[in-house]
Chemist: 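Below you'll find the structure I mean.
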Amino acid sequence: MTQQKTWRIGVAGLGTVGAGLLTFLAEHPDFAPAGGKAVVTGVSARSRSRPRPFDISGLPWFDDPVALANSPQTDVFVELIGGSDGPAKAAVEAALSAGKPVVTANKALIAEHGAELAALAEAKGAPLLFEAAVMGGVPAVKMIREALVGDEIASVAGILNGTCNYILTEMEATGRSFAEVLAEAQRLGYAEADPTMDVGGFDAAHKISILAALAFGCAPNYAAAEIEGIAGVELLDIHLARDLGYRIKLVASADRSPDGVLVRVHPSLAPLSHPLAQAGGALNALFIEGRRIGRIFVQGPGAGAGPTAAAVAADIADVMTGAVRPVFQAPATSLAPFTPVDPSKSIGRAYLRLSVKDEPGVIAAVSETLAEAGVSIESFLQKPVENASGVPIVLTTHAVAESVLTAAIDRIAALPAVLDRPRLLRIAKI
Ligand code: HSE
């Protein structure tokens with residue numbers, strides 16, 4: 001009988017995902033999906049003494065994750081520190097430079113430095129795997145990189161941030177404001193103490209930048225992403241959108257056209273009956289549109305110790321097979337250039353909410369201004385509001401170029417009866 005190979009795993013970062021991985025490997029000492037055995041032989045984290053739900057006293061401790069990556073006892077380096085730069089990047093570079101396989105859940109690192117890390121990994125013949133970086137337990141990365149490599153993907157779009165999805169779902173369900181729901185989510189530990197990465201849309205932008213690179217065979221280009229988070233989503237818009245048959249979701253999308261690639265994150269309207277509108281709470285959901293396969297939809301937990309650790313373990317299993325694939329869809333040396341498309345040329349439908357004086361002729365003036373600007377109205381709704389200085393009117397438009405819409409909004413905002421700049425939300429192209 002041949003001896004099972006033992007893979008010595010160094011784990012840097014013992015937060016939610018690191019804890020989930022150590023718990024999983026401790027509870028499954030027989031985890032050997034590719035015939036080898038994974039044994040944790042070193043750990044590193046910010047604090048050694050912080051209380052943890054598992055015992056690390058028997059594991060060699062490294063204050064410095066770079067030293068753990070360089071340790072002769074580390075065959076596979078698992079980076080769960082997070083952050084696009086700093087110790088995470090230094091340690092991943094050290095491991096790859098030494099030709100060691102790296103498994104990471106770090107979306108910021110891959111979205112912002114993926115091309116250079118892929119070049120290093122491929123030059124050294126070391127796998128660089130990051131299934132856990134996007135959609136937690138849902139195997140979106142492997143599906144796009146491997147299973148769909150025979151198709152030509154035109155677009156990917158979905159809900160990639162569970163915290164935002166939870167907040168929007170709770171706002172609608174309970175009638176509380178963004179600030180109230182966020183404060184509660186932080187109290188319950190669902191949202192980070194500093195929620196900027198999540199609610200600002202940056203986490204979703206990291207993830208969609210990675211999916212775009214995998215889907216379109218280009219280098220990730222996070223800097224080109226257009227990003228708007230959910231802090232400005234008002235309860236009034238959630239209710240009015242619902243009256244029009246829509247639900248507001250934070251939608252991240254990447255589209256490829258002959259002009260290039262457009263990556264964006266926006267609060268967007270999805271029809272109530274659409275699967276994206278029905279993915280509630282902290283769920284993640286993703287549509288992939290392939291020219292040959294057509295549409296694929298996946299949904300599942302995008303965060304949490306169990307699902308994310310399962311994705312990390314699956315990458316460790318891949319390492320054990322010994323296979324080394326290109327990090328993205330194509331080798332780093334032949335990735336297609338990422339040509340960003342000017343978002344103002346993007347064509348889509350929109351929702352506009354205006355606050356207007358309740359007086360004769362206002363609706364006529366608004367619709368005349370839109371008509372002159374070349375924007376066609378699809379539906380129109382005015383809600384009576386008692387004792388308010390302005391009344392809200394909402395409308396949806398037919399498909400229009402964003403530059404045309406923006407010019408029309410400027411003109412509407414200048415009308416004497418319009419009290420504030422109209423609120424624009426895009427209707428998701430799904
Ligand atoms: N903070 C992320 C979310 C999970 O809320 O979806 C990790 O990417």
Side-chain angles (χ1 to χ4, degrees), residues 13-21 78-84 88 103-112 114 129-142 156-171 178 181-214 220 222 225 227-231 233 248-253 263 265-268 276 279-286 298-315:
L14 295 176
T16 306
V17 185
L21 179 68
V78 178
E79 186 276 301
L80 305 172
I81 302 166
S84 60
V103 173
T104 177
N106 189 337
K107 61 232 94 185
L109 177 72
I110 300 298
E112 297 188 35
L129 301 171
F130 45 87
E131 184 58 64
V134 184
M135 294 186 84
V138 181
V141 170
K142 275 193 226 306
V156 285
I159 296 169
L160 300 181
N161 185 272
T163 306
C164 289
N165 207 28
Y166 171 83
I167 291 173
L168 292 174
T169 304
E170 283 294 299
M171 285 173 72
F178 167 79
V181 176
L182 173 61
E184 187 200 54
Q186 286 173 309
R187 246 191 339 268
L188 296 172
Y190 299 155
E192 304 279 343
D194 178 359
T196 315
M197 289 304 287
D198 289 322
V199 302
F202 306 108
D203 174 82
H206 281 137
K207 293 167 177 168
I208 194 69
S209 300
I210 295 172
L211 294 185
L214 293 165
Y222 173 71
I227 308 169
E228 180 188 348
I230 62 163
V233 174
I248 299 177
K249 294 288 185 185
L250 185 69
V251 175
S253 62
V263 174
V265 177
H266 288 297
S268 308
L276 276 195
L283 277 177
N284 280 198
L286 183 72
V298 285
Q299 172 181 296
T308 313
V312 173
D315 276 349

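Counting convention: from 1, in listed order, for ligands and their atoms alike.
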Chemist: Which residue and atom name correspond to the protein heavy atom nearest atom 4 (C) of ligand 1, and how close is it?
Modeler: Ala303 CB, 3.6 Å

Chemist: So Glu184 and Ile167, do their side chains get closer than 4.5 Å, heavy atoms only?
Modeler: no

Chemist: Classify the contact between Met197 and ligand 1 as side chain, backbone, both or neither, using a heavy-atom distance cut-off of under 4.0 Å.
Modeler: neither

Chemist: Any idea which protein heavy atom is nearest atom 6 (O) of ligand 1, and the distance to it?
Modeler: Gly162 N, 2.7 Å

Chemist: For ligand 1, which atoms sit closer than 4.0 Å to a heavy atom of Lys207?
Modeler: 2 (C), 4 (C), 6 (O), 7 (C), 8 (O)

Chemist: Which of the atoms in ligand 1, numbered in the order shown and given with their element, are less than 4.0 Å from a heavy-atom of Asn161?
Modeler: 2 (C), 3 (C), 5 (O), 6 (O)

Chemist: My understanding is that only residues two or more places apart in sequence, or in another chain, count here; which of them pass ring-ring contact (aromatic ring centres under 6.0 Å, His included) with Phe178?
Modeler: none

Chemist: Within the 4.5 Å heavy-atom criterion, are His266 and Val251 side-chain neighbours or not?
Modeler: no

Chemist: Considering heavy atoms of the protein only, find what lies nearest to atom 5 (O) of ligand 1 and give residue, atom and distance to 0.1 Å.
Modeler: Thr163 OG1, 2.5 Å

Chemist: Kindly say whether Thr104 contributes a backbone atom to a donor-acceptor pair with the side chain of Glu79 at under 3.5 angstrom?
Modeler: no

Chemist: With a 4.5 Å heavy-atom cut-off, do Leu168 and Ile230 have their side chains touching?
Modeler: yes

Chemist: Check Ala88 against Gly83 and note the closest heavy-atom contact, atom names and distance.
Modeler: CB-O, 3.8 Å

Chemist: Between Asp203 and ligand 1, find which residue part has any heavy-atom pair under 4.0 Å and reply side chain, backbone, both or neither.
Modeler: side chain

Chemist: Determine the minimum heavy-atom distance between Ala133 and Ile210, stating which atoms define it.
Modeler: CB-CD1, 4.4 Å

Chemist: Going by heavy atoms, is Lys107 under 4.0 Å from ligand 1?
Modeler: yes

Chemist: Does Asp198 reach ligand 1 with a nitrogen or oxygen that is under 3.5 Å from one of the ligand's nitrogen or oxygen atoms?
Modeler: yes

